[in-house]
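In what follows, a structure is listed as structure tokens, so that the remarks can point back to it.
Chain naming here is simple, since letters A, B, ... match the order of the sequence lines and numbering starts at 1 in each. FYI, side chains are in, hydrogens and waters are out, and symmetry mates aren't considered; it's all heavy atoms of this structure.
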Amino acid sequence: MGLLDRLSGLLGLKKKEVHVLCLGLDNSGKTTIINKLKPSNAQSQDVVPTIGFSIEKFRSSSLSFTVFDMSGQGRYRNLWEHYYKEGQAIIFVIDSSDRLRMVVAKEELDTLLNHPDIKHRRIPILFFANKMDLRDAVTSVKVSQLLCLENIKDKPWHICASDAIKGEGLQEGVDWLQDQIQAVKT
Amino acid sequence: MLKKFDKKDEESGGGSNPFQHLEKSAVLQEARVFNETPISPRKCAHILTKILYLINQGEHLGTTEATEAFFAMTKLFQSNDPTLRRMCYLTIKEMSCIAEDVIIVTSSLTKDMTGKEDNYRGPAVRALCQITDSTMLQAIERYMKQAIVDKVPSVSSSALVSSLHLLKCSFDVVKRWVNEAQEAASSDNIMVQYHALGLLYHVRRNDRLAVNKMISKFTRHGLKSPFAYCLMIRVASKQLEEDGSRDSPLFDFIESCLRNKHEMVVYEAASAIVNLPGCSAKELAPAVSVLQLFCSSPKAALRYAAVRTLNKVAMKHPSAVTACNLDLENLVTDSNRSIATLAITTLLKTGSESSIDRLMKQISSFMSEISDEFKVVVVQAISALCQKYPRKHAVLMNFLFSMLREEGGFEYKRAIVDCIISIIEENSESKETGLSHLCEFIEDCEFTVLATRILHLLGQEGPKTNNPSKYIRFIYNRVVLEHEEVRAGAVSALAKFGAQNEEMLPSILVLLKRCVMDDDNEVRDRATFYLNVLEQKQKALNAGYILNGLTVSIPGLERALQQYTLEPSEKPFDLKSVPLATTPMAEQRTEGTPVVAVKQPEKVAATRQEIFQEQLAAVPEFRGLGPLFKSSPEPVALTESETEYVIRCTKHTFTDHIVFQFDCTNTLNDQTLENVTVQMEPTEAYEVLCYVPARSLPYNQPGTCYTLVALPKEDPIAVACTFSCMMKFTVKDCDPTTGEADDEGYEDEYVLEDLEVTVADHIQKVMKLNFEAAWDEVGDEFEKEETFTLSTIKTLEEAVGNIVKFLGMHPCERSDKVPDNKNTHTLLLAGVFRGGYDILVRSRLLLLDTVTMQVTARSSEELPVDIILASVG
């Protein structure tokens with residue numbers, strides 16, 4: 001950290017960095033969401049299934065996000081926990097059109113919430129009920145019922161309906177997350 | 001060794017290495033910094049360096065701790081610091097086999113390899129291929145194909161080289177990238193072209209035709225990269241080696257490369273031609289003349305390469321190198337000592353006897369300045385010289401001893417000692433001087449192996465010299481001064497002197513009595529044992545227990561003893577029930593490399609017999625045959641190599657029986673054989689007792705059947721016999737694809753070649769270190785002598801070779817080597833006859849026009865002697 005860095009930090013010019021974990025089942029649209037949030041010149045054209053994880057960065061109005069975009073495939077889900085400790089917020093993405101695997105998503109969410117690194121922390125969780133553009137998608141309210149989100153008492157959470165391909169609903173979620181993180185900090 | 005280590009410690013103790021005394025646990029603790037935000041690239045890179053250092057020092061990281069460190073490291077991907085990122089790539093590669101779930105970084109790496117930063121792309125490709133296994137390869141295949149044809153050379157090269165590594169585990173996937181590699185092979189970048197060609201070659205390696213096509217295609221178009229040319233030359237010479245013929249376009253290609261504008265290519269071509277087996281002088285000439293040109297090059301590396309290659313050529317074709325003698329003479333004074341050494345040793349090989357003295361003087365002037373490796377080269381050259389010019393041994397021997405006195409490492413000293421020992425063996429005149437010089441050497445020798453070896457040699461050769469007592473002082477000094485292994489060796493050597501010299505016996509006994517007080521168990525045991533044996537004053541005991549050691553196979557003895565202790569019985573342990581040690585085949589040293597110690601496959605030979613014994617013991621019919629006496633060393637083929645069935649026979653000799661083991665393979669894929677036996681018809685009084693069939697013989701799965709015969713009882717002398725063999729079986733046709741056989745079969749027969757049983761099958765080779773003692777031990781109770789004329793044999797060497805092969809006995813005291821210019825020779829042979837009777841044969845040979853042979857055989861029983869004499873006649 002150079003002197004200049006520290007100075008700009010004091011003046012609030014340099015944005016605060018936060019670590020965010022992006023979790024969810026495979027094919028739920030995690031990488032697409034993160035890709036859409038990046039500045040348009042840094043977006044990649046084709047999105048392929050993530051193997052392992054990838055680190056992406058984007059900025060909101062007052063924060064600089066470093067996202068650990070984790071792979072959602074079954075065989076990699078047990079690797080998520082290696083990154084729980086550093087995460088200051090969680091984005092959990094759900095494929096709203098995949099009713100069949102909603103129970104799987106719930107199971108993964110419960111495991112996540114009961115993990116010792118997560119359980120006792122007041123860590124904000126943002127849910128994206130994604131793929132709203134699809135015809136058989138259920139509403140965000142229905143999703144929150146299916147996942148029993150009302151049972152989460154000790155953490156701030158918020159659910160957003162989103163369509164990552166068009167980018168609808170993403171900004172609303174990120175704004176909520178930003179507010180939450182700043183509230184925790186101050 | 002210990003001393004050396006200390007010295008090294010002192011030298012590096014100055015603190016030049018900042019990573020010394022690193023603690024693994026402390027470093028792994030530090031690695032937790034990776035989890036902090038924001039990341040400090042400098043600090044993290046330093047810790048990664050420490051981890052890499054530890055891994056490279058051989059520190060073992062447990063899977064859990066490695067995985068933990070690895071996952072912490074993955075978080076460093078959020079930093080964009082180039083140094084840190086490079087350290088990450090290195091760490092990924094190093095930890096890819098230690099940590100679990102390393103595929104976690106796959107996406108991060110693919111992102112880097114397709115990204116904009118060229119500096120990241122190559123290393124990312126390499127790291128990615130390191131963590132990818134064959135199941136994951138499909139997922140990154142698309143990226144790899146793109147990377148191979150990438151226009152950035154470093155990326156393309158990385159992808160090509162990584163593909164080469166992947167080829168080992170996922171040949172089928174990488175094979176699909178040939179088109180991309182083809183495209184890369186026409187690249188302008190010399191490295192990319194080279195790597196692409198390498199990949200193409202390795203993909204097609206098993207397809208000779210494709211390789212030939214590839215070479216002709218690329219040589220027609222010409223290549224940009226000299227590296228690629230070198231590779232092509234190597235591939236071409238390998239093809240040539242397999243073909244064996246010389247007039248193919250491949251050889252023309254290599255020869256045309258001698259005129260290439262790159263020196264590298266020219267040298268590679270010359271070296272390839274030189275290394276081709278069975279190269280004629282005419283083919284060699286252009287290569288040698290190119291090397292000759294290099295000898296006067298201003299570049300030291302070229303001169304070195306040239307003279308080193310010429311040195312190799314000189315071993316096989318000294319005459320071809322004579323043309324370069326003048327250039328080599330100039331190199332003798334080269335300022336680079338390595339070049340000078342090689343030049344001199346080459347000249348030693350090509351030069352005449354008269355120039356040896358001069359060259360030796362020259363080389364001794366700078367012997368102290370060259371490294372051990374080159375000193376070994378010099379020693380090898382001298383050893384070759386000694387064989388060529390036995391008369392020069394005095395000069396050479398002196399030179400060797402002055403080298404022996406100087407400082408030097410183990411390999412170097414061993415080469416010298418090997419060389420001296422081989423001179424002593426070849427040349428009896430040099431024995432006395434050689435032994436006394438070796439005595440001096442062990443006075444101050446830090447290498448246990450060499451000291452014990454020399455002591456053994458002294459014990460063997462010393463007593464036969466004119467004045468044996470002078471060696472005693474040297475040997476006893478070792479007992480006083482050295483550590484236990486050498487002391488034990490010295491005690492054994494002393495005992496051998498006592499066993500062979502009556503007049504020295506009292507003094508030896510006194511010395512051995514002193515050794516009984518030794519601190520070490522082994523030394524004490526040996527001394528007590530020898531003392532007791534010697535005090536009996538019986539020649540037979542001396543011969544059996546001191547001069548000639550145990551001849552049984554050690555693993556066999558161990559097993560037999562264990563068996564004996566498990567089943568306690570009244571009977572004393574019978575040493576004859578232990579299988580004999582099979583004398584290793586590779587004992588004859590190869591002529592070209594006399595100094596290189598031949599690694600003897602003793603362990604393997606011993607276990608081969610063990611395996612047979614176990615297999616045979618599993619067959620119920622063979623119970624009660626007693627211990628396996630001998631298995632024939634190599635299976636005999638009873639069929640031509642490319643017939644319907646491949647049958648090979650191994651003979652197992654027991655005390656009164658022989659078991660023939662037939663290893664059968666069915667090479668017809670539309671047949672299954674059942675109930676396979678080999679019917680045998682003996683010509684002599686042998687009696688076939690039973691057949692053990694191979695139940696079923698499907699396509700290409702080897703099976704075994706046995707035939708048991710009893711040795712003739714009425715006429716025990718007729719041991720040699722020819723058996724006519726016929727294979728009988730039931731054929732069932734089957735579907736070649738599924739292997740399903742019909743229910744119905746029919747009987748069939750197949751005639752095999754005849755099988756011979758010779759005297760050699762009844763005798764096991766045994767090495768007697770001291771033949772004379774063994775000869776006296778057996779005594780002349782059953783001694784017989786006869787004289788034969790070998791009318792078809794014209795030289796002594798031929799006669800010796802034939803006798804050794806025919807009787808299957810072990811030549812003792814190097815009597816299988818016939819000295820030049822002599823017309824008489826005595827061949828000494830030792831063996832053990834089936835049943836465990838020692839048999840010794842002394843045959844005196846006389847060469848006039850034909851060879852006349854007087855054979856004297858001794859044994860502890862009459863039968864073996866009769867058999868030997870009957871069979872020779």
Side-chain angles (χ1 to χ4, degrees), chain A residues 1-2 5-6 8-9 14-22 26 30-32 34-35 38 41-58 63-89 117 181 185, chain B residues 31-43 64 66-80 84-85 88 92 96 99-117 120 124 127-128 131-133 135-143 146:
Chain A
M1 275 254 162
D5 278 352
R6 216 179 296 170
S8 62
K14 190 177 157 77
K15 291 179 180 172
K16 219 175 142 45
E17 267 194 52
V18 283
H19 279 192
V20 181
L21 298 178
C22 186
D26 48 312
K30 296 176 292 303
T31 309
T32 317
I34 304 301
N35 193 34
K38 287 198 290 188
N41 56 352
Q43 286 178 10
S44 67
Q45 291 309 312
D46 53 340
V47 174
V48 292
T50 310
I51 301 168
F53 76 104
S54 77
I55 295 178
E56 307 289 348
K57 292 185 180 182
F58 68 88
L63 286 175
S64 165
F65 288 92
T66 303
V67 187
F68 286 78
D69 177 15
M70 306 300 298
S71 168
Q73 290 172 32
R75 52 187 287 212
Y76 305 120
R77 279 181 218 150
N78 56 342
L79 302 178
W80 290 353
E81 60 181 25
H82 289 280
Y83 301 88
Y84 286 170
K85 245 197 192 105
E86 295 78 41
Q88 290 159 296
D117 285 345
I181 291 168
K185 295 284 167 189
Chain B
R32 299 208 175 145
V33 176
F34 301 161
N35 295 330
E36 284 171 10
T37 35
I39 285 165
S40 151
R42 267 190 56 192
K43 208 163 150 194
T64 343
T67 311
E68 199 176 311
F70 186 83
F71 274 91
M73 185 275 301
T74 59
K75 287 158 197 167
L76 300 180
F77 267 95
Q78 57 183 296
S79 161
N80 263 329
L84 183 58
R85 186 64 63 90
C88 284
I92 290 171
S96 62
E100 283 177 337
D101 295 320
V102 286
I103 38 100
I104 188 85
V105 285
T106 305
S107 268
S108 310
L109 290 173
T110 38
K111 200 177 133 200
D112 281 353
M113 86 185 248
T114 50
K116 292 195 182 70
E117 188 73 66
Y120 290 167
L128 183 62
I131 59 162
T132 305
D133 55 14
T135 52
M136 294 292 301
L137 195 55
Q138 309 267 359
I140 61 160
E141 188 175 357
R142 191 165 61 101
Y143 298 111
Q146 274 168 16

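- Contact of B:R142 with chain A is made through the side chain alone, with heavy-atom distances under 4.5 Å.
- With a 4.5 Å cut-off on non-hydrogen atoms, A:T66 touches chain B through its side chain but not through its backbone.
- Remark: B:K75 qualifies as a cation-pi partner of A:Y83 under the 6.0 Å distance and 45° angle criteria applied to the six-membered ring.
- Contact annotation for A:Y76: only side-chain heavy atoms (C-beta onward) come within less than 4.5 Å of a heavy atom of chain B.
- Of the atoms belonging to B:T74, heavy atoms from both backbone and side chain fall under 4.5 Å from chain A.
- Taking the side chain as every heavy atom from C-beta outward, A:D69 and A:I55 never approach each other to under 4.5 Å.
- A:K38 pairs by the salt bridge (charged side-chain N to carboxylate O under 4.0 Å, His left out) definition with A:E56, not counting sequence neighbours.
- In this structure, chain B has no heavy atom under 4.5 Å from any part of A:K85.
- In this structure a side-chain-to-backbone donor-acceptor pair under 3.5 Å is missing from A:S54 to B:S107.
- Remark: A:R77 engages A:D26, A:E108 in a salt bridge (charged side-chain N to carboxylate O under 4.0 Å, His left out) (not counting sequence neighbours).
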